[in-house]
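Please read all numbers here as calculations on a predicted model, not as lab measurements. Sequence positions, counted from 1, serve as the residue numbers for this chain.
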Amino acid sequence: MTREENEKRLEYLKGIVSRLPEKPGSYQFYDDTKTIIYVGKAKNLKSRVSSYFHAEVDRFKTKVLVSKIHDISYTVVNTEEDALLLENSLIKKYNPRYNVLLKDGKTYPSICVTNEYFPRIFKTRTINKKWGSYFGPYSHVGAMYAILDLIKELYHPRTCRQPITKEGVEAEKYKVCLDYHIKKCMGPCVGKQTFEAYQKNIKQAREILKGNTRQVLRDLKEEMLKLSEELRFEEAEEIKRKYIALDSFVSKSEVVSQTIDNVDVFSITSDEKLAFINFIHVSNGSINQSFTIEYKKKLDETDEELLQLGIIELRQRFKSDAKEIIVPEAIDLDLENVTFTIPQRGDKKTLLDLSIMNGRQYKFDRLKQAEKLNPEQKQTRLMKELQEKLHLPKLPFHIECFDNSNISGTDAVAACVVFKKMKPSKRDYKHYNIKTVEGPDDYASMKEVVHRRYTRLIEEEQSLPDLIIADGGKGQMEVIRQVIQDELNLDIPIAGLAKDDRHRTNELLYGFPPIHVALKVDSELFHVLTQIQDEVHRFAIEFHRNKRSKRALQSELDNIKGVGPKTRDGLLNVLKSVKKIREANLETLSDLIGPSKAKIVYDYFHT
């Protein structure tokens with residue numbers, strides 16, 4: 001698009017904006033192909049839409065959106081609530097490119113109560129309102145099955161799928177099934193249970209599904225007392241059984257307070273790309289619904305904007321008519337006959353905290369699910385977390401860690417392990433024989449190895465690490481710093497993993513002077529850091545053992561006068577070990593190396 005064409009476009013759009021009414025409504029932006037690319041809502045259409053064309057708009061994504069707009073349309077409504085409802089329905093219908101994307105990870109199950117002569121009650125993922133009434137959806141499948149099991153235990157609704165009619169029952173067209181014989185169905189199809197009694201049970205089951213368990217308990221208690229007064233004790237005992245079962249179920253549910261009734265609770269948990277809005281409905285003092293939806297951000301939407309959209313979406317989905325909504329902070333939303341509450345303490349604050357906890361848990365679960373499908377996502381998250389904890393200038397893609405190993409200064413060695421993307425890169429591992437240090441001096445050994453390592457990397461023009469980790473505390477860190485900063489003039493961040501009195505790694509150190517970095521010892525990041533530490537320790541000890549074993553193996557044969565390297569190697573190639581050479585008889589040795597040398601070796605081990 002040329003500059004003249006762009007100016008003409010903006011002039012046309014500003015002309016539309018100047019004619020917009022100062023009333024609530026929804027507006028739609030179109031691109032050059034007449035496709036809706038954004039749907040919004042506003043209390044004041046003229047004020048809201050004109051804000052997109054102000055020169056001081058500094059959000060990059062908003063500028064990109066404005067550059068794509070070629071036409072604007074709008075719909076005026078009576079209230080802000082109507083504007084939100086219209087915006088929500090248009091977003092669902094057109095799925096505009098720049099609007100937040102509502103992501104339902106899967107179709108959650110609901111409970112259906114059919115419209116049949118004798119209704120059935122069952123779980124389903126298919127919604128067809130011609131079949132019956134639906135309750136849900138249930139994000140927690142276990143809770144749904146608990147309610148279904150309770151209804152089956154209390155009311156024994158039929159499970160057969162045959163279409164039962166009034167005429168068929170009167171004509172004795174049907175026969176009872178196995179459920180009747182095992183007392184899981186009362187036999188309404190053959191008149192063993194009256195139509196009125198069956199419908200009464202279904203009515204109470206509906207109230208339980210709505211969350212009105214307290215009302216059902218009150219009705220059962222009244223019926224039980226009435227039957228007792230009429231001396232109908234067997235029927236009263238059956239009602240008592242139902243009352244106890246329902247009361248036990250209610251006592252296990254999340255009871256908040258008997259004074260809280262018909263209240264909605266909303267909270268939001270978000271990051272740069274996603275937002276998770278949790279909804280809890282409370283009726284008769286107990287929670288009967290909890291659900292979380294996920295929005296994918298497109299234009300750096302604020303938490304307030306997303307929470308407004310989520311409130312409308314979830315209240316529509318669950319057909320909530322609650323007159324009070326509990327939210328974590330004030331939002332600019334006016335719903336008819338609805339009060340917004342921001343609790344600071346008490347039962348309502350407990351509810352809000354529970355909603356926030358559910359939202360965070362859902363976010364964590366979704367993150368884990370995504371990381372299973374894409375392991376690199378987890379590695380990137382851990383690198384970002386480490387970068388934030390240590391305030392590193394860039395992601396620690398390449399990490400190196402050093403460790404020493406010796407016994408009283410003998411066979412002194414060191415090792416360097418390399419981790420890339422938080423995973424071991426074993427082809428880059430290096431081990432070193434200590435050359436310049438006599439005796440058990442860990443600091444001097446570390447200094448030698450670090451100097452050798454990075455001098456060579458510089459000479460060979462290889463990439464340097466983004467972070468160096470010392471397998472030790474402040475002392476090891478200072479030795480590495482002296483080499484890196486003072487001697488080689490390199491700018492590489494250095495961290496340390498310090499141990500407690502029980503030789504267990506318990507803290508991460510960083511900076512000079514080193515300070516403790518707040519990191520939970522049971523966190524994923526801490527586990528990865530200790531994995532790096534364990535790996536370098538393993539690699540160093542393995543190399544030290546191999547060197548010590550090799551020296552021990554060779555010195556035993558090298559100490560025999562008259563036996564040179566050729567004879568020694570000949571024996572080891574055949575007999576494989578010093579132990580087998582020691583146990584071999586003179587005849588065997590003579591066959592291998594001749595009688596004279598065989599006698600020398602045999603006498604050495606047997607005198």
Side-chain angles (χ1 to χ4, degrees), residues 110-114 116 118-123 132-136 138 140-160 176 179-189 191-263 280-290 318 322 347 351 354:
S110 298
I111 293 177
C112 176
V113 181
T114 64
E116 296 167 288
F118 288 119
R120 292 176 295 132
I121 301 175
F122 56 88
K123 179 201 83 168
S133 303
Y134 292 86
F135 300 87
Y138 291 87
H140 190 271
V141 179
M144 181 198 67
Y145 279 121
I147 293 173
L148 276 175
D149 290 343
L150 174 70
I151 290 172
K152 289 176 182 177
E153 179 186 350
L154 294 179
Y155 305 115
H156 306 300
R158 72 184 183 95
T159 58
C160 58
V176 293
D179 277 359
Y180 173 77
H181 294 293
I182 61 176
K183 297 183 179 181
K184 287 191 174 183
C185 177
M186 306 304 291
C189 59
K192 297 290 185 181
Q193 183 181 25
T194 66
F195 174 79
E196 290 75 17
Y198 192 93
Q199 290 294 340
K200 183 180 178 181
N201 284 348
I202 294 298
K203 183 180 178 181
Q204 288 188 350
R206 286 177 185 271
E207 292 301 311
I208 291 174
L209 290 170
K210 290 177 183 177
N212 298 330
T213 50
R214 300 289 172 184
Q215 184 60 45
V216 177
L217 282 171
R218 285 192 288 267
D219 293 345
L220 287 172
K221 190 172 184 179
E222 289 176 7
E223 186 179 0
M224 180 174 60
L225 293 173
K226 183 181 177 182
L227 290 169
S228 298
E229 291 172 0
E230 296 173 359
L231 305 181
R232 295 159 63 183
F233 297 117
E234 289 185 3
E235 295 174 61
E237 180 64 27
E238 178 62 22
I239 299 299
K240 180 182 178 182
R241 183 191 66 79
K242 292 181 180 180
Y243 180 89
I244 292 172
L246 182 57
D247 187 56
S248 176
F249 175 80
V250 172
S251 65
K252 292 176 183 177
S253 66
E254 185 69 41
V255 178
V256 184
S257 170
Q258 296 295 335
T259 61
I260 299 178
D261 183 30
N262 199 21
V263 172
I280 289 176
H281 181 72
V282 181
S283 179
N284 292 319
S286 63
I287 294 169
N288 59 30
Q289 187 60 259
S290 178
F318 293 100
D347 292 331
L351 271 173
L354 184 65

Query raised in the report: Is it true that atom CD of Glu230 has more than 12 heavy atoms of other residues, nucleotides or ligands lying nearer than 6.0 Å?
Result: yes
Query - Val113 versus Arg206, closest heavy-atom pair with distance - result: CG1-NH2, 3.5 Å
Report task. Give the minimum heavy-atom separation between Arg158 and Arg120, together with the two atoms involved. Result -> O-CG, 3.5 Å
Query - Heavy-atom closest pair, residues Lys183 and His156 - result: O-CE1, 3.6 Å
Report summary line: When every non-hydrogen atom of Leu220 is compared with those of Gln204, the smallest separation belongs to CD2-OE1, 3.8 Å
Query - Check against salt bridge (charged side-chain N to carboxylate O under 4.0 Å, His left out), Glu229 and Lys226 - result: CA-CA 5 Å; Glu229 291 172 0; Lys226 183 181 177 182; over 6 Å; no
Query - Any Ile280 side-chain heavy atom under 4.5 Å of Leu354 side chain - result: yes
Query raised in the report: So which heavy atom on Ile151 is nearest to which on Pro157, and how close?
Result: O-CD, 3.8 Å
**Report entry** Test item: Tyr198 and Pro119 side chains (from C-beta on) under 4.5 Å apart, heavy atoms
**Finding:** yes
Query - Note: Arg218-Glu223 ion pair, threshold 4.0 Å (strictly below) - result: no
Query raised in the report: Do Met186 and Tyr180 have side-chain heavy atoms sitting under 4.5 Å apart?
Result: no
Query raised in the report: side chain to side chain contact (heavy atoms under 4.5 Å, CB included) between Glu237 and Leu227: does it pass, once the steps are laid out?
Result: CA-CA 9 Å; Glu237 180 64 27; Leu227 290 169; over 6 Å; no
